[in-house]
Peer 1: 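Can you keep this structure in mind? I'll have questions shortly.
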Amino acid sequence: MLEEFKSKDIPYSRVLSSMCTIPHPIAVKAHVEFINANLGDPAVFRGSAELEKEVVRMIGELLHHPNAKGYIASGGTEANIQAIRAFRNLKRVKKPNVVVPESAHFSFDKAGEILRVEIRKAKLDGEFRVDVGDVERLIDDNTVGIVGIAGTTALGQIDPIEELSELALERDVFLHVDSAFGGFVIPFLDLNVKFDFELEGVSSMTIDPHKMGLATIPAGCILFRDESFLKALAVKTPYLITEKQYSLTGTRPATGVASTYAVMKYLGFEGFRKVVRRCMEVTRYLVERMGELGFEPVIEPIMNIVCFKCEKAFEIRNELYKRGWVVSAIRNPRALRFVVMPHVDFEVIDKFVEEMKNVLRKV
Ligand SMILES: *Cc1c(COP(=O)(O)O)cnc(C)c1O
């Protein structure tokens with residue numbers, strides 16, 4: 001019966017817009033080994049808790065701060081909520097607000113609603129990066145933090161984090177960098193951008209192993225510059241041996257901890273570099289093939305995300321979906337959006353382009 005349900009899921013080989021992918025085989029193996037652990041009770045699951053500390057150190061190392069403090073969360077959404085929560089709790093102003101780019105992920109809207117923090121949205125420039133001048137304009141005495149995105153969900157664009165870091169220091173507000181997607185991509189591209197803890201103004205970062213980290217779902221990660229942020233999140237846990245808990249969820253898996261550890265150890269930074277390089281080759285191939293059909297990218301792809309200008313994006317998306325293909329459509333600018341994850345190879349692109357030709361004849 002389960003197999004029958006499962007068979008209705010669209011296979012990854014036809015999904016060209018997911019930020020998740022088929023986990024690495026070593027991740028699946030590690031996941032199963034830790035299937036019964038509960039990190040909500042770290043005094044019992046001591047080995048799992050130790051492993052989590054080690055994974056946090058390894059991810060911190062990737063982001064220029066091996067002493068960063070944090071934990072493996074359920075995903076980027078929880079990580080973003082927790083960052084805003086820590087900022088709010090530390091700043092203690094009456095009517096807190098946070099300034100995010102217009103391109104920010106919708107998880108910040110959830111954070112704002114749950115935490116009663118006003119989410120102010122700053123304009124983007126012509127290249128879809130946040131306009132730092134507009135961020136500055138929106139900061140006032142009640143601003144507890146600002147957010148920059150390193151790898152926007154829609155376009156894979158990177159905000160000017162260096163300038164945001166300067167601004168955060170100057171105005172004495174926290175800076176959260178959401179690199180849920182880009183965290184496992186940017187370090188492996190030969191880009192000359194600073195986006196992580198090496199910038200003094202960066203207080204916290206979101207990075208999702210269950211996206212380009214090839215770990216199993218669920219595995220997100222929130223990292224803070226130091227322990228004080230975790231302390232601001234802690235609640236007392238009277239009926240456990242450990243006294244305090246800073247995670248948002250109570251009972252929580254160690255599967256993501258184990259699968260992230262396994263992939264990072266197995267691939268190493270060099271292995272990730274190869275994965276990213278391959279995704280970029282396929283991304284460029286997609287740009288070339290879509291170019292043959294007359295499509296132009298909104299911005300030259302920086303990472304393995306690419307959008308093509310298209311007035312009929314929604315009709316085309318719907319028609320493709322009817323034929324069993326998944327791409328996404330975005331409104332502003334109107335475009336077809338692709339995420340070229342490791343499961344999207346040259347052959348998938350060729351098959352897709354053939355279907356695209358049929359769709360274009362119809363739409
Ligand atoms: C995917 C994504 C998120 C949300 O992560 P989930 O794991 O889906 O909760 C947040 N921010 C950015 C930039 C993302 O791409």
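Order of listing sets the numbers, starting from 1, for every ligand and every atom in it.
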Peer 1: Quick check: Tyr246 with Phe229 (ring centres under 6.0 Å apart)?
Peer 2: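 Ring-ring flag for Phe229/Tyr246: false, centres at least 6.0 Å apart.
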Peer 1: Taking only heavy atoms of Gly75, which atoms of ligand 1 are found under 4.0 Å from at least one of them?
Peer 2: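 Here the atoms of ligand 1 in question are 7 (O), 9 (O).
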Peer 1: Between Glu113 and Lys110, does any side-chain N to carboxylate O distance fall below 4.0 Å?
Peer 2: no
Peer 1: Suppose we measure from atom 6 (P) of ligand 1 to each protein heavy atom; which comes out shortest, and what is that distance?
Peer 2: Gly76 N, 3.4 Å
Peer 1: What's the shortest distance from atom 11 (N) of ligand 1 to any protein heavy atom, and which residue and atom give it?
Peer 2: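 In this structure, atom 11 (N) of ligand 1 has Asp178 OD2, 2.6 Å as its nearest protein heavy atom.
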Peer 1: Distance alone, cut at 3.5 Å: any donor-acceptor contact between the side chains of His176 and Ser204?
Peer 2: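 Result is yes, a qualifying pair exists.
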Peer 1: Has Glu78 got any heavy atom lying under 4.0 angstrom from an atom of ligand 1?
Peer 2: no
Peer 1: If we count only N and O atoms by modelled type, under 3.5 Å, do the side chains of Ser259 and His31 hold a donor and an acceptor together?
Peer 2: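 No.
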Peer 1: Could you find the nearest protein heavy atom to atom 4 (C) of ligand 1 and give me its residue, atom name and distance?
Peer 2: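 For this ligand atom, the closest protein heavy atom is His105 CE1, 3.3 Å.
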Peer 1: In the protein, what heavy atom is nearest to atom 2 (C) of ligand 1, and what distance, to one decimal place, separates them?
Peer 2: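 Sorting protein heavy atoms by distance from atom 2 (C) of ligand 1 puts Lys211 NZ, 2.2 Å first.
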Peer 1: Which of the numbered atoms in ligand 1 are under 4.0 angstrom from any heavy atom belonging to Thr77?
Peer 2: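 So the atoms of ligand 1 that pass are 4 (C), 5 (O), 6 (P), 9 (O).
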Peer 1: Salt-bridged, Arg57 to Glu54, with N to O below 4.0 Å?
Peer 2: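 Yes, this pair counts.
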